[in-house]
Every structure is written in structure tokens, then in C-alpha cells.
Q: 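The structure's right below; bear with me while I get my questions together.
Read the numbers this way: they start at 1 and go in the same order the structure lists the ligands and their atoms. What's counted below: heavy atoms across the whole structure, side chains too, no hydrogens, waters or symmetry copies.
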Amino acid sequence: MSAAPETSTPVFVVGAGIMGAGIAQVAAQAGHPVRLFDTREGAAADAKAKLATGLEALVAKGRLGAEAVRATLARITPAASLAEAAEAGLVVEAIVEKLEVKRTLLRDLEAVVGDACVLATNTSSISVTALANGLRLPGRLVGMHFFNPVPVMKLVEVISGLHTAPAVAEAIFDLSARWGKVPVHARSTPGFIVNRIARPFYAETLALLHERAGTPAELDACLRGAGFRMGPCELMDLIGHDTNLSVTESVYGANFGDKRFVPSGVQRDLVDGGWLGRKSGRGFYDYAGGATPARLEPATFAPAPLPAAGRLVLHGGGVAVERWAQALAEADRGFERVEGSGWSGLDADGAQLRLTDGRPAAQVAAETGVRDLAVHDHAAAAGGGAPGTVLAWAASAGASASWAATAAQWLQAAGWCPLRLADAAGLAVARTVAMLVNEAADAVQQGVCSEAGADAAMKLGVNYPAGPFEWLARWDAAAVVRVLDHLDAHYRGERYRASPWLRQQAWRTAR
Ligand code: NAI
């Protein structure tokens, strides 16, 4: 197959569960005649009836036209057997996530369909290469990884295994675009793009919870402050800890136990205890009686006045330093600036507030001999965030209570709502964003996807506020590598090893 199938091309969808039904709807809306098959008696007809109810509700709300919905539903026919796939130009399978069951299905399909028919799998974790092995025409199998709910989520990862013919991947890429989706090419590797790059979003918060650096509500607030719609804890509660853990375990196992992906005992405990999240009524939060737990939100934000100081020196640059410089200038307050000191932040009469470089405040204090030392988190939201955006900070163990209070006031004076965490390496956002960038850099280096592909996938597949390479462009590679190297030295594991690609980038852009 060298060109995307015409809208008249019959599409056969196998598996009428949540994903298969959505795929059938999207294909039918794009004009294809669709047959929907499921081994469970009546499942395809039930799925069609459910689709009809959902689409008619959208008509009632004025979001879809009655005629368009009637035509869409008329194009979907429940199939009684696999034999009805004979005329299909494309088969998409969305059956149970088991290698042998999918392999058997694909082999059975090859006995029915014509040689020009493309076989697509919606697997979320199984190697497309492994699924193609043993097929008569393995080059026609491609991954077509939709996201849930299929009619809403724009992303489709178009996954090429070892055998996948480039023309087949191109045709499915073009077809996905014609279905109103944003396709992104990916090579078949564990977790593909989204499920791989997203691992640190959960893992870093789980690691912080493990060392009791903050509560779920605090850590969620920090990550929402970086622009994420949901914090990691509330998101894991929504996904379900069993599902989330099993994806992590699958990526970890498929990478031969690479410590980068090692699952968390904190999450294992929740699963063992049956606290699976929203669906079980309890996860990190309590959903008893269908309640939505209150989020930790900044109270009505009032910026604090600039703290008094004798000699004030701003070091380096970055959003916090620029905000302080502007506020001080507006208040007609004198200050000095030092560019090349190797850190970013402020020094007020010998007490310091620094942007984290991945070291805990206590380590910086010990290494510099500065007793009153505090660190603040990376402000990853665009422009550093609107007034009142939550930003984490921590004070070294030896810092005076008065400097801790003053450091928080400096952050508040710069427009942030300061949230104190324990003195954990890399705080919450810096380590999470650094690790997301790092994982994306590895994926690009390993040919899994392009930079633009990674950005699109993370924004459209999991609603990230920015793509990893957009964050990198706003931050800088040397700073990201510094955070990772400090985390690596602190934890002495393999989780924080910097991507060779990122290190190269840091050398190239070193100033
Ligand atoms: P589901 O459990 O809702 O539906 C699976 C359906 O396949 C069931 O109706 C089952 O009766 C049917 N089935 C099982 N074996 C079959 C066979 N041999 N032939 C025909 N039908 C068979 O599962 P869901 O969530 O729709 O997932 C389907 C696939 O999509 C899996 O591979 C999953 O990993 C993948 N996926 C799921 C996502 C999700 O959020 N649920 C997201 C992206 C991919």
C-alpha cells in the first residue's frame, strides 16, 4: 500500500471495547464503511448502540448535526465473524492486550484478507516487531496507537516495527491525518513515545513521596504550578494505580530492568492495598461517596513587599532574577548584578536564595559555607507563570528561621505563591522537567521519534502544557544536565544518568 486508503475503503475493527468502538466511530465519521467484530456475543451491537446514544447526546447539545450522525451510524455494521474482513483495505485490532492472542488473531486475519490489506494494531505496550514475526506479509503490520477517548484525543502514534514497510507507515500517517488526528511517527520500542517519556512525571513524585519531601497535595500543587492540568498524584488516581504500575513495569521489563524505569514501592503498596484511585474510591486521595478531594490552591494571592536588605546582589539570570531586578528597579532600590558566578539567585547580606541546580540546600550550604541558604524550584510555566503560581522552595537545615521566612517573602515579592518542601534534591519541578527532557532526548537519539514528534505527542497524548523540547528551549541544556548530574551524584543510581544527546547539546550551547 503506498497511498492512504480512500474514504470508500472498508475498515474492519476487531475488538468492540472502549478503544475499538471509538476507532470505529472515527473511521465512520471520516466516511469509511466500517465493520466491527468482537468474539463476545452481542458486544459489537452493544458498542454500536452505546455509540448511538453518545452521538445523539451531542446532537441534542447542538455539537453534531443529526444527518451526519445518522450517516455515521449507518456506516457501522456489527460483524458476525472474522470472515467479513475479506473486503477490508484496513483492519485495526483493539482486542485484549496479550501477545499470543493478538498474534493468533493477526495470523487468522491473514487467511481472510487480501494481500493489499493493511493490518494495524492499537497495542499500547506490545512490540509491533514481535507481533509481525510469523506473519506471511509482516511488512503490512503497523502500530496505530490511539488515545482514550479516541474521538476526543488528537494523537495517533504510527508505530513502525522492524518489518513495517515505510509506505505502509506513511499511508497510515496520512490516513490518520484525514481522520482529523495528529499522527506522529514512532519506532517500536518499549512505551513508544508517550508512555515512555511520561514515566518520570509519575516516578519523580513517587520518589519524593518515598522520601517524604512533601504530601501528595503539595506535590500536585507544585506540578500544577508548572502548567500541568493535573498533578501526578491526582492523575495516577484517575488512571488507576494498577494500570499505571503495570505500564511502568512493562517499560521497566522491556528495557531489561534498566534502573531508569524502576517502579515505586509507594505505588506497589497502594495496589497491594486495593487503593487503586478514583475507581476504588481511594488512592492518594479519598473519593468516598463520589467526592472530589479539595485541591491545595493558593489562597487569594497578594504579592508581598520586597524584603529589606543591606547589600543586595543578584547573581546570574533567569526568570526569578529578572523579576527581582525589575521590582527592585521599580521600587528605586539599589542592587548589584554579577553575571559569571555560576549560580542564579540573590544574596542579601550574605544570605542566599538560589535557583536549584539539583543539589539540596544543605549540600550547597556545606560546599559554600553559606549558613543561611535556601533554594527555589524551576519556574517551568511559560514566562514563569501568572501571579500566584505555586513555586516550591526549601531551606538548608542550618538556615535561620528568619532567613527561611525572608526567602519565602522574596519569592512572593516576585509574584509566586511559595510552597515549602523538605530539602529534597532538585525539588519537584526541576527534577521532573529535567527527567522528562532527558527521556525525550534519549528517545530522539535512539531514533524513536523526532523532537517535533515528541513535543506533539506529549501535548496531544497527555495534555502537557509544553513539549519536552519546548521546555529545553526555555531552559538550557547545560542547566538540565547540571540538575541531572547532581541528582545522579546524590542518589548514586542509574535513574538520573544524563542522555548522551543532551550532554552533547550542553557542550554545543555552552556559553
Ligand atoms: P476492552 O477490554 O475495553 O476491549 C477489548 C475487547 O476485545 C473486548 O470487548 C473483548 O471481548 C474483545 N476481544 C478479546 N479478544 C478478542 C479476540 N480474539 N477477537 C475479537 N475480540 C476480542 O479493552 P480496550 O481498553 O478497548 O483496549 C483494547 C486495546 O487497546 C488493547 O490492546 C489496549 O492495550 C489498547 N489501548 C487501550 C487504551 C485504553 O486507554 N483503554 C489506550 C490505548 C490503547
Q: Under a 4.0 angstrom heavy-atom cut-off, which atoms of ligand 1 come close to Lys102?
A: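 Checking each atom against Lys102, I get 31 (C), 32 (O).
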Q: Any protein heavy atom under 4.0 Å from atom 18 (N) of ligand 1?
A: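 Yes, there is a protein heavy atom closer to it than 4.0 Å.
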Q: Within the structure, does Ile18 bring an N/O atom to less than 3.5 angstrom of an N/O atom in ligand 1?
A: yes
Q: Can you tell me if Tyr491 and Glu211 form a side-chain donor-acceptor pair at under 3.5 Å?
A: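 On atom types as modelled, these side chains qualify, holding a pair under 3.5 Å.
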Q: Taking heavy atoms and a distance under 4.0 Å, where does Ala43 meet ligand 1: side chain, backbone, both or neither?
A: neither
Q: Give me the nearest non-hydrogen protein atom to atom 34 (O) of ligand 1 as residue plus atom name, then the distance to 0.1 Å.
A: Ser124 OG, 2.7 Å
Q: Can you pull out the closest protein heavy atom to atom 29 (C) of ligand 1? Residue, atom name and distance to 0.1 Å, please.
A: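 Looking only at protein heavy atoms, the one closest to atom 29 (C) of ligand 1 is Ile95 O, 3.3 Å.
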Q: With a 4.5 Å limit on heavy-atom distance, are the side chains of Thr129 and His163 in contact?
A: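 Yes, close enough: below the 4.5 Å cut-off.
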Q: Just checking, any donor-acceptor pair under 3.5 angstrom between side chains of Tyr252 and Arg199?
A: no
Q: Check this for me, if you would: do Arg35 and Glu87 make a salt bridge, where the nitrogen-to-carboxylate-oxygen distance has to be below 4.0 angstrom?
A: no
Q: Nearest 0.5 Å please: distance from the CG atom of Asn122 over to the CD1 atom of Ile95.
A: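 It comes to 11.0 Å.
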Q: Please indicate whether Ile18 has more than 12 foreign heavy atoms, meaning atoms of other residues, nucleotides or ligands, lying under 6.0 Å from its CD1.
A: no
Q: In terms of residue, atom name and distance, what is the protein heavy atom nearest to atom 16 (C) of ligand 1?
A: Thr39 OG1, 3.4 Å
Q: With distance as the sole test, does Asn255 use its side chain to make a donor-acceptor pair with the main-chain N or O of Phe261 at under 3.5 Å?
A: no
Q: Could you tell me, atom by atom, which parts of ligand 1 come under 4.0 Å of a heavy atom of Arg40?
A: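 Answer for ligand 1: 9 (O), 11 (O).
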Q: Could you check whether Lys459 pairs with Asp455 (Lys NZ or Arg NE/NH1/NH2 to Asp/Glu carboxylate O, under 4.0 Å)?
A: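 No, Lys459 and Asp455 are not salt-bridged.
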Q: Can you find an N/O atom of Thr123 closer than 3.5 Å to an N/O atom of ligand 1?
A: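 Looking only at distances, the answer is no, because the N/O contact criterion of under 3.5 Å is not met.
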Q: Write out the residue and atom name of the closest protein heavy atom to atom 1 (P) of ligand 1, then the distance separating them to 0.1 Å.
A: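 Its nearest protein heavy-atom neighbour is Gly17 CA, 4.0 Å.
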Q: Could you name the option among Glu157, Lys98, Glu97, His145 that has the heavy atom nearest to atom 33 (C) of ligand 1?
A: Glu97
Q: Under 4.0 Å between a side-chain nitrogen and a carboxylate oxygen: does that hold for Arg40 and Asp46?
A: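 Salt bridge flag = no for Asp46 with Arg40.
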Q: Among all protein heavy atoms, pick the one closest to atom 15 (N) of ligand 1 and tell me residue, atom and distance.
A: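 Heavy-atom neighbour on the protein nearest atom 15 (N) of ligand 1: Val96 CG1, 3.7 Å.
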Q: Output yes when Arg107 and Glu110 qualify as a salt bridge under the 4.0 Å nitrogen-oxygen rule, no when they do not.
A: no
Q: Test of understanding: given a 4.0 Å heavy-atom threshold, classify the contact between Asn148 and ligand 1 as side chain, backbone, both, or neither.
A: side chain
Q: Between Phe146 and ligand 1, which residue portion shows a heavy-atom distance shorter than 4.0 Å: side chain, backbone, both, or neither?
A: backbone
Q: Looking only at protein heavy atoms, which one is nearest to atom 39 (C) of ligand 1, and how far off is it?
A: Met19 SD, 3.7 Å
Q: List the closest protein heavy-atom neighbour of atom 30 (O) of ligand 1: residue, atom name, distance to the nearest 0.1 Å.
A: Asn122 ND2, 3.0 Å
Q: Angle between ring planes, Tyr464 versus Phe228, binned at 30° and 60°: parallel, tilted or perpendicular?
A: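 It falls in the perpendicular class, over 60°.
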Q: Could you tell me the residue and atom name of the protein heavy atom closest to atom 28 (C) of ligand 1, and the distance to it rounded to 0.1 Å?
A: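 I find the closest protein heavy atom is Ala94 O, 3.2 Å.
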Q: Which option wins on minimum heavy-atom distance to atom 6 (C) of ligand 1: Val13, Asp38, Leu109?
A: Asp38
Q: For atom 26 (O) of ligand 1, is some protein heavy-atom partner under 4.0 Å away?
A: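 Flag for atom 26 (O) of ligand 1 set to true, protein heavy atom closer than 4.0 Å.
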Q: His145 vs Phe147 aromatic rings, parallel, tilted or perpendicular, using cut-offs 30° and 60°?
A: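 Plane angle between 30° and 60°, so tilted.
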